[in-house]
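Residue numbering restarts at 1 for every chain, and letters A, B, ... go by the order of the sequence lines. No hydrogens, no waters, no symmetry mates; every other heavy atom, side chains included, goes into these values.
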2 protein chains.
Amino acid sequence: MRVPAPKISAAKLAQAQDDFLAAWGQMGPSWGISRTMAEVHALLYIGGRPMNADEVMDRLRISRGNASMTLRSLIEWGLVQRVHKRGDRKEYFEAEQDVWTIARTIIRERLRREILPVLATLYEIRDQTGDETAHAAQEGGGIVAPDVVAAHNQRLDRLLELVQMLDKLGERFVGSEGKGLRLAATVLSKVV
Amino acid sequence: MRVPAPKISAAKLAQAQDDFLAAWGQMGPSWGISRTMAEVHALLYIGGRPMNADEVMDRLRISRGNASMTLRSLIEWGLVQRVHKRGDRKEYFEAEQDVWTIARTIIRERLRREILPVLATLYEIRDQTGDETAHAAQEGGGIVAPDVVAAHNQRLDRLLELVQMLDKLGERFVGSEGKGLRLAATVLSKVV
DNA sequence: CTGGAGTTTCAGAACATCTTGAAACTCGAT
DNA sequence: ATCGAGTTTCAAGATGTTCTGAAACTCCAG
């Protein structure tokens with residue numbers, strides 16, 4: 001006797017897709033993109049095919065303007081690309097399908113938009129209080145005791161060290177063409 | 001002739017601190033905590049000593065209520081601890097001073113609050129469309145062609161793989177007591 | 001028990017972000 | 001040049017988040 005083939009109806013598939021859109025949409029804000037952006041991206045990813053603005057609007061129940069702006073942001077992020085179909089004047093949009101590339105793209109953008117500016121600012125702040133360190137602390141020339149400044153600088157230096165490490169770590173992932181993240185995971189699992 | 005000692009005035013130090021508060025506050029939202037929370041944490045970190053609610057209020061110009069709720073959240077996150085001073089009825093708060101511990105705490109909390117729920121939801125969604133894969137695709141029992149379902153499942157599986165990896169990677173950092181992050185950085189820098 | 005310093009709570013105000021819808025724009029076809 | 005399908009822009013409105021301030025609460029001292 002034969003095992004019955006799984007019967008997946010169109011409705012069930014659509015339901016699974018909708019649940020996925022909701023889940024991914026929720027995750028979006030944690031990753032630095034808005035809920036709607038995440039949902040549009042999720043739709044294009046899980047759909048697995050290029051869609052035009054109307055399809056996106058109708059499926060997600062958002063306005064034309066919102067769809068347009070959101071798709072533009074996704075293109076700026078590098079998560080979505082425009083596609084043209086012969087004989088169709090509409091513009092189509094498709095999402096990158098390789099999850100590791102998606103991850104690298106997000107990391108690259110967040111480094112650029114969030115980590116680097118903070119790093120630059122931290123350097124500037126560090127410069128404001130000279131190169132006095134715990135070791136270099138000497139006779140009291142300042143109005144504030146040298147050791148207070150030294151402690152302040154130490155705290156800044158430790159933080160700078162951390163942020164620099166995060167930056168380098170991120171760039172390592174982004175830079176290595178292939179499966180950088182996968183490699184990292186493998187290495188880490190063997191080390192400890 | 002003698003090099004003059006750096007003269008850091010109290011005002012300059014305060015200025016550097018203020019700039020730091022602003023910079024760290026900006027970074028907060030990217031890390032999953034609000035701007036004010038990040039500023040309060042920054043103040044306690046850079047100050048390097050326990051402070052009471054009034055000091056926090058005055059320095060950051062926020063209301064008593066806001067200070068109270070923000071400090072409570074920081075304690076829930078595990079980034080700040082209560083301290084009692086003998087002979088003083090006020091409560092004092094101090095920030096963890098080890099930056100690696102801070103990083104681990106943030107990663108642990110974000111895993112727990114953001115990654116794990118999504119992971120659980122993704123599993124549920126994956127279950128909705130059976131175990132049909134590209135290889136198992138067979139005679140058309142469903143209303144939707146089996147290969148469509150198989151492709152959908154593959155996309156979900158690839159995403160699950162990625163999120164699982166992130167989760168494991170995070171837990172590895174959080175779990176290893178010592179300098180897990182530092183170790184990772186060293187390892188990564190040698191690999192590529 | 002009472003007074004008061006210190007803390008917490010929470011409804012409404014202030015602020016920030018996201019979304020809509022309609023007008024302006026683009027561009028190929030006729 | 002004109003038409004019209006398709007797209008983009010943006011001011012106003014809707015929604016969501018954070019903050020304030022005052023009242024309620026806690027708890028110790030006298």
Side-chain angles (χ1 to χ4, degrees), chain A residues 21-22 24-44 50-77 79-94 110 113-114, chain B residues 21-22 24-44 50-77 79-94 110 113-114:
Chain A
L21 298 184
W24 210 243
Q26 278 225 298
M27 186 162 219
S30 322
W31 286 68
I33 67 181
S34 77
R35 188 182 53 78
T36 301
M37 253 179 94
E39 283 186 354
V40 171
H41 179 251
L43 174 60
L44 294 176
M51 298 184 194
N52 60 43
D54 292 85
E55 287 181 273
V56 173
M57 286 172 54
D58 294 346
R59 183 64 185 271
L60 298 181
R61 312 275 201 75
I62 61 178
S63 71
R64 186 169 296 283
N66 196 0
S68 173
M69 288 170 79
T70 301
L71 284 166
R72 167 212 275 282
S73 311
L74 282 169
I75 289 168
E76 270 168 21
W77 268 78
L79 291 170
V80 164
Q81 284 191 313
R82 285 177 199 279
V83 197
H84 290 287
K85 284 199 175 180
R86 306 206 175 291
D88 191 338
R89 285 176 58 179
K90 284 193 178 68
E91 294 226 57
Y92 284 72
F93 303 88
E94 73 178 343
R110 297 203 63 183
R113 298 171 189 227
E114 292 160 10
Chain B
L21 298 184
W24 210 242
Q26 279 225 298
M27 185 162 220
S30 323
W31 286 68
I33 65 180
S34 75
R35 187 182 52 77
T36 301
M37 252 178 94
E39 283 187 355
V40 171
H41 179 251
L43 174 60
L44 294 177
M51 297 184 195
N52 60 42
D54 291 87
E55 286 180 273
V56 173
M57 286 171 53
D58 293 346
R59 183 65 185 273
L60 298 181
R61 311 276 202 74
I62 62 178
S63 71
R64 184 168 296 284
N66 196 2
S68 172
M69 290 174 89
T70 300
L71 284 165
R72 167 212 274 281
S73 310
L74 282 169
I75 289 167
E76 270 167 21
W77 267 78
L79 291 170
V80 164
Q81 284 191 312
R82 284 177 199 279
V83 196
H84 290 285
K85 284 199 175 180
R86 307 207 176 289
D88 191 338
R89 283 176 58 178
K90 284 193 179 66
E91 294 226 56
Y92 284 74
F93 303 88
E94 73 177 345
R110 295 203 64 183
R113 297 170 190 226
E114 293 162 10

inquiry  = Counting neighbours of CD on B/Gln26 that are heavy atoms of other residues, nucleotides or ligands and sit closer than 6.0 Å, is the number greater than 12?
reply    = no
key: Cationic N near anionic O, under 4.0 Å, B/Arg59 to B/Glu55   = no
message = On the six-membered ring of A/Trp77, is A/Arg113 placed so that its NZ or CZ lies under 6.0 angstrom from the centre and within 45° of the ring axis?
response = yes
task = Grab the two heavy atoms, one from B/Phe93 and one from B/Leu44, that are nearest each other, plus how far apart they are.
result = O-CD2, 3.5 Å
query = So, does A/Ser68 use its side chain to make a donor-acceptor pair with the main chain of A/Arg64 at under 3.5 Å?
reply = no
inquiry  = Just the rounded figure in Å: distance from P of C/dG6 to NE2 of B/His84.
reply    = 14 Å
ask   = Atom CZ of A/Arg82 and atom C1' of C/dT26: how far apart are they, to the nearest Å?
value = 12 Å
query = Is a donor on one side and an acceptor on the other found under 3.5 Å between the side chain of A/Arg110 and the backbone of B/Ser30?
reply = yes
message = Looking at A/Ser34, I'd like to know whether one of its side-chain N or O atoms comes within less than 4.0 Å of OP1 or OP2 on C/dT17.
response = no
request  = Would you classify A/Arg35 as touching base, sugar-phosphate or nothing, given that sugar-phosphate means primed atoms plus P, OP1 and OP2, and contacts are heavy atoms under 4.0 Å?
outcome  = sugar-phosphate
query = Contact class for B/Arg72 (heavy atom, under 4.0 Å): base, sugar-phosphate, or nothing?
reply = sugar-phosphate
query = Start at the 5' end of DNA chain C and walk down; is the nucleotide closest to B/Lys90 or to B/Met69 reached first?
reply = B/Lys90
ask   = Nearest-Å distance, CE (B/Met57) to P (C/dG6)?
value = 12 Å
ask   = Where does the chain B footprint on DNA chain D start and end, counting 5' to 3' with a 4.0 Å heavy-atom cut-off?
value = D/dT18 to D/dG21
